[in-house]
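The block underneath contains the structure these notes are about, expressed in structure tokens.
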Amino acid sequence: EAAVTQSPRNKVTVTGGNVTLSCRQTNSHNYMYWYRQDTGHGLRLIHYSYGAGNLQIGDVPDGYKATRTTQEDFFLLLELASPSQTSLYFCASSDVDNSDYTFGSGTRLLVI
Amino acid sequence: KTQVEQSPQSLVVRQGENCVLQCNYSVTPDNHLRWFKQDTGKGLVSLTVLVHENDKTSNGRYSATLDKDAKHSTLHITATLLDDTATYICVVGDRGSALGRLHFGAGTQLIVIP
């Protein structure tokens, strides 16, 4: 069954720590996205990608890097984590015309 | 500036009652609009997508309308169940293409009580 799988489900790190969030999709979609969700806000786009090796900057990219190693795999990197990055992170994939959008189950990150 | 506004922010209904959730937006162009259901701490699950002016969709106990002139959508849930307790998120896509961006509302938190 086609899906978007995120790991880990939960992560705790200290301020200044290094964190990598992983996302894999089996939908054969070209496009993948990283969002963060915070109370009182809609999902906000961090980075997205059109395909392997491609990276596009989203609306809230500061403090985040991303890398798309294959069509299936998209990683979000926090190299110097800060408490403001405590959030619920979602990965998603979509087809070319955005008619099919699939979200992962989320990664809850706590930076202490 | 928030381009997708949802109301109410939260809503409590008794099991079996009907409810209506509202979504107003200013996104231009407005290619399509989706309603998602998000259980607490979980991912977003698509309920329905509306594309055309005055579109109406139905998916079991969920039905939705879209008025592109008014830039307004409603999600109706009939005969609510306890499992309907969730956050419902309105999302507007500004293009039906690779250049398209999604604009998310903050959600309506629905609580269904016995």
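We name chains A, B, ... by the order of the sequence lines, and we start the count at 1 in each one.
- A:Leu77 and A:Ala66 get closest at one heavy-atom pair: CD1-CA, 4.0 Å.
- Applying the salt bridge (charged side-chain N to carboxylate O under 4.0 Å, His left out) rule to B:Asp67 yields no partners; only residues at least two apart in sequence or on another chain are considered.
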Any chance you could lay out the side chain to side chain contact (heavy atoms under 4.5 Å, CB included) test for A:Cys23 and A:Val4, step after step, and finish with the verdict? CA-CA 7 Å; A:Cys23 178; A:Val4 176; 3.5 Å; yes
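- Contact residues of residues 104-112 of chain A toward chain B are A:Gly104, A:Ser105, A:Arg108 (heavy-atom distance under 4.5 Å).
- Residue B:Lys42 qualifies as open at atom NZ: its count of foreign heavy atoms under 6.0 Å is 12 or below.
- Neither the backbone nor the side chain of B:Gln6 comes within contact range of chain A, judged by heavy atoms closer than 4.5 Å.
- Proximity to chain B is absent for every atom of A:Gln6, based on heavy atoms less than 4.5 angstrom apart.
- Each of B:Val91, B:Ile89, B:Leu21 was compared with B:Trp35 under the side chain to side chain contact (heavy atoms under 4.5 Å, CB included) criterion, and only B:Leu21 meets it.
- Neither the backbone nor the side chain of A:Arg44 comes within contact range of chain B; no heavy atoms are under 4.5 Å apart.
- Using a 4.5 Å cut-off between heavy atoms, B:Leu44 contacts chain A through both its backbone and its side chain.
- Counting heavy atoms from C-beta outward, B:Lys56 and B:Ser63 have side chains that stay 4.5 Å or more apart.
- Put simply, of A:Thr39, A:Asn30, A:Leu43, the one with the most heavy-atom pairs under 4.5 Å next to chain B is A:Leu43.
- Interface remark: A:Asp38 contributes no atoms to any contact with chain B (heavy atom separation under 4.5 Å).
- A salt bridge links A:Asp73 with A:Arg24: the distance from a Lys NZ or Arg NE/NH1/NH2 to an Asp or Glu carboxylate oxygen falls below 4.0 Å.
- In the model, A:Gln37 has a side-chain atom that pairs as donor or acceptor with a side-chain atom of B:Gln38 under 3.5 Å.
- Remark: of the listed residues A:Tyr48, A:Tyr33, A:Tyr101, A:Tyr33 is the sole one forming a side chain to side chain donor-acceptor pair (under 3.5 Å) with A:Ser94.
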